[in-house]
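In what follows, a structure is listed as structure tokens, so that the remarks can point back to it.
Keep in mind the model is a prediction, meaning the values are calculated, not measured. In what follows, every chain begins at residue 1, and chains take the letters A, B, ... in the order their sequences are listed.
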2 protein chains.
Amino acid sequence: MSSTEIPIHEGSNPATAAAPVAEKKKEKKEKPAKQPKEKKPQQPKQQKPSVATKQADAKEIGITALKETNFSEWYTEVVTKCELVEYYTEISGFYILRPASMFVWNTIRDWFSERTRSLGVQETQFPMFLSSASFEKEKAHVEGFAPELAWVTRAGDKKLEQPVAVRPTSEAVMYPYYAKWIKSHRDLPLKLQQWCSVVRWEAKQCTPFLRSREFNWQEGHTAHLTEQQAEKEVLQILDFYAGVFNELLAVPVVKGKKTENEKFAGGYWTSTCEGYIPGTGRGIQGATSHALGQNFSNMFNIVVEDPAKKGEHIKVWQNSWGLSTRVIGVMVMIHSDNKGLVFPPRVAPTQVVVIPVGLTAKTTPEARESLLKAVEDLVATLKDANIRVSVDDRDGYTPGFKFAEHEMKGVPIRLEMGPKDQANKVASYSRRDTGEKGTIPLDEIATQVPALLEQIQKDMYTKAEKEFAEHRLVLTEWDKVVPALNSKNLVIIPFCEDPKCEDEIKDNTKSEGEQRELGPDGKPLPSMGMKSLCIPFDQPEGLVQGETKCLNPNCGRDAKAWVMFGRSY
Amino acid sequence: MSSTEIPIHEGSNPATAAAPVAEKKKEKKEKPAKQPKEKKPQQPKQQKPSVATKQADAKEIGITALKETNFSEWYTEVVTKCELVEYYTEISGFYILRPASMFVWNTIRDWFSERTRSLGVQETQFPMFLSSASFEKEKAHVEGFAPELAWVTRAGDKKLEQPVAVRPTSEAVMYPYYAKWIKSHRDLPLKLQQWCSVVRWEAKQCTPFLRSREFNWQEGHTAHLTEQQAEKEVLQILDFYAGVFNELLAVPVVKGKKTENEKFAGGYWTSTCEGYIPGTGRGIQGATSHALGQNFSNMFNIVVEDPAKKGEHIKVWQNSWGLSTRVIGVMVMIHSDNKGLVFPPRVAPTQVVVIPVGLTAKTTPEARESLLKAVEDLVATLKDANIRVSVDDRDGYTPGFKFAEHEMKGVPIRLEMGPKDQANKVASYSRRDTGEKGTIPLDEIATQVPALLEQIQKDMYTKAEKEFAEHRLVLTEWDKVVPALNSKNLVIIPFCEDPKCEDEIKDNTKSEGEQRELGPDGKPLPSMGMKSLCIPFDQPEGLVQGETKCLNPNCGRDAKAWVMFGRSY
């Protein structure tokens, strides 16, 4: 089955259309490269046009949509052309995670697992199916997921006596066994997590990483004797999540608590990391760490005898916390640009690409050989310094074409070495994030390149943090709210925390496409109302309890806290 | 939902029955331990009986079935009571992988991934579903799996237009994209693997690790320009698989090629690692690395232009290779004993457990404190030496009870420290595999314990290898075959490699329960006929081509090779 035969089921989704097109271009681009090196005589004749074609296509196969004017199309091009995902055109709403995104995900997995292990969290693997029996039993909890459950009703050609659903999350799968394993306070705390994929058959249009019908995540489920122990862990985990964003993905987040409307269904309270997408001015939920309280231990009867009061029983205090591949989408939306991906160095599959330059028809074989040898030594030095380095010495591709390709793929540092560099015992570098150029003495490569990578990581975070800070407006006048949203800000306002008032605020902040983000059709998208993102742990000054009122003019209740609102994903 | 309420759906399977019983005992055991330490006055009065109860139960909660006389019941007890798996009683044929087995699996994952990366294999993640459309298209291949496919037909309460099946393996999921991605010989080799779970809704009775309806595995899928490159990789991967068995699990295997009857459906040829289970005298397939030839590139049209002959096209040469959690079951069956698990040190979650001993009512508080301090130092030393160590200083449990528990859990080395050891500046050790005891000077702990762990790893492999070698009989007389099988041997015989002859051999080697293995009912199991396990790469002497005949008396064809046959899993 060839690519062109792959049926497109995505309907109105522009992304799938884009992908095959991109592929066709690519195909066109590579054809000229196909003439064998062996056929020496033909080469000069054929190489020129082939390079020319590549040069021309270099632009075409690059990112064509602009981040500023057509964000969603730009995003689709970046994640597909830069080979983070491939659309799974056989089934709508599913995506193939390609090696570059798996590299990021596995880097996060290692970083996070190391930290959770230090808390005594162990890894487990529960079945992917939930029986309809447990589903009936825990309806209260599972109900919220019911419309999105994928039901297996047949095995081979036999109908199953009891249909089974693919897990949308694992509380109802796991907790019957927590009840079985936890017999005494000595069995506490019980701390387990699993890395798996879950299925939520979304009706809404899907977007790679942000919303898909199957996604990879880590889900932690723990049980504690006391509320204090449970609460402590909820916040420790939230800090780890913030660390994934800040330290690995160079993404700033605001930590806080969800309002009643936005907390995990069936939970006690939810803590969250909230991000900001400058391109659309929208907030995005990064990762959530839930205190479940005793709601589930009550439902699943997870009980131990009170070590302090013989004969009395305690329902255990539980937490669940999850981080999904969505974080990769957030990283892409924030850092990438019109040339393509920009990888933060710590999660970049390739941190440095080395490209020999300045070789022309006039270059003597000796000079060529000596330059390639110098490039080889440079790469060896970088490998010894534990840098993830690749070299691009392909024939038949001009440096310009190679530059464009590795820029598109988001490699943080490009090192060029030509005869001049070699003579001056330096390598010329170019930063992907800023475009800044310079040279590094060859005898300082092993120290300066790692330092530069760390600088890039730091600068990318600082830039994003500044942008987020500038678009987080603390407002005390209702009339400024919608204009603020329309100029791509999140707002922090005094809020009463009443669920109905929150719904009302959402309704009263819809606006008619004034927001600059354009849809696939090029028209401005209608702008949704704002919803509460979180009650930031870090509260601004100036809210006086019993005095400051909720900002919603129709409310009139006292404000309980500063709450961050925004249009969001 | 409490353990006792969990419905048992496993029918005749004794395992699920065993588990809850074990749990109830455990519950009984731990209750007495529940009185709070705070209530000092009561403690002396209550502690004695509580310990007594534990002592009594220590036997009961241990492994009750004997490996020698009731292998299958013994295996079920070991995997459940030693907490490798929990039966997922909501849905028959599914198991929960508990932390101990996930530790083994992740150790294998890290070891294997490091080696495949060195071959340029990258990680990917494809969707878990196969569309019925692709299913129809690739019927030829998928057909074999058809009776075991789990079909999702509903999302929420909506019927899907096209039902989708959970992947039983990913050839049909992945290869359409190989056709899309591979446009030029420059895109070759393409080497991807994913770690995931797959679903095969088996009709046969399931057994933890060996046969389950969902299992975790690694599946590699690669494409090459030439047959030679593909073949080289097939054998490199097979060597890695053999390394997982030999170097990590201390399990000997025989490498070879599958016969036509036993090779991967739709493949070209299959290489395999075959293991041996002394307890039942059966062979077991360990892991397989398949040369797919051009069968799939033909089916999926994965074609590149011949770099040597412009205008001509080459169908790529493909391989697929997989290793599953089955390997954990093989490790357990071979090494564990009537006391429980025996972990090879390299995959043991806990390599050393340290237990303070010799503390009695007479011990002075000072002496107790000084001993516990010495134990603390010992543990610190081991941690610094990168040993996975735990300490069992629980009150209210006698050393004897602790010994039994950690033996059951398979910890390779137990270190005891009592006042005498402390005085002599030594720790007393006990090996789980041999029971051998001795002492180690405290100032040599950091070197001698790692050395002892390596010795245990080596000895466990050597013992298993000797046992396998003794039960691999090279036979040249047909009459000796069935008796050999009945005394728990595999046989290596001259064979014509004809599929029909292979079927005939299987029929003619059934025997009526002479084999000593007993079923759950305690009666000898009827003995299946033998099937071919592999054509060993390492061929015995003495087979003369064109002269030596196939050993099947009704055959009369020339023998092509020595082939290993046996009853098998």
Quiz prompt | Which atom of B/R109 lies closest to which atom of A/R109, heavy atoms considered | solution = NH1-NH1, 3.4 Å
Quiz prompt | Side chain to side chain, B/F129 and A/V166, heavy atoms closer than 4.5 Å | solution = yes
Quiz item: Below 4.5 Å, heavy atoms only, C-beta onward: do A/D157 and B/P147 meet side chain to side chain?
Solution: no
Self-check item: B/E90 and A/Y177 side chains, donor-acceptor separation under 3.5 Å
Solution: yes
Quiz item: Non-hydrogen atoms of chain A under 4.5 Å away: do they reach the side chain of B/P163, the backbone, both or neither?
Solution: side chain
Quiz item: So which heavy atom on A/R186 is nearest to which on B/D395, and how close?
Solution: NH1-O, 4.1 Å
Self-check item: Which residues share a side-chain hydrogen bond (donor to acceptor under 3.5 Å, both in side chains) with B/S197, sequence neighbours left out
Solution: B/E214
Self-check item: Largest heavy-atom contact set with chain B, pairs under 4.5 Å, which of A/P99, A/A203, A/A150
Solution: A/P99
Quiz prompt | Part of B/W201 lying under 4.5 Å from any heavy atom of chain A | solution = side chain
Practice problem: Sort out for me which of B/F103, B/W195, B/F126 touches chain A most, counting heavy-atom pairs under 4.5 Å. | Solution: B/F126
Quiz item: Hey, does B/K180 have a side-chain heavy atom less than 4.5 Å from the side chain of A/E86?
Solution: yes
Exercise. Using a 4.5 Å cut-off on heavy atoms from C-beta on, say whether the side chain of A/P127 contacts that of B/R213.
Key: no
Self-check item: Max heavy-atom pair count under 4.5 Å with chain B, selected residue of A/M174, A/E148, A/M128
Solution: A/M128
Quiz item: Which atoms of B/V85 come close to chain A, meaning under 4.5 Å heavy atom to heavy atom: side chain ones, backbone ones, both, or neither?
Solution: neither
Quiz item: Taking all atoms of both residues into account, what is the closest heavy-atom pair of A/L130 and B/I91, and its distance?
Solution: C-CD1, 4.2 Å
Quiz item: So how far is it from B/R154 CZ to A/T153 OG1, rounded to the nearest 0.5 Å?
Solution: 7.0 Å
Quiz item: Which value, rounded to the nearest 0.5 Å, describes the distance between A/Q125 atom CD and B/T325 atom OG1?
Solution: 9.5 Å
Practice problem: Would you check if the side chain of A/T124 reaches a backbone N or O of B/L97 as a donor-acceptor pair within less than 3.5 Å? | Solution: yes
Quiz item: Are A/R98 and B/W181 in a cation-pi setup, meaning NZ or CZ lies under 6.0 angstrom from the ring centre and within 45 degrees of the ring axis?
Solution: yes
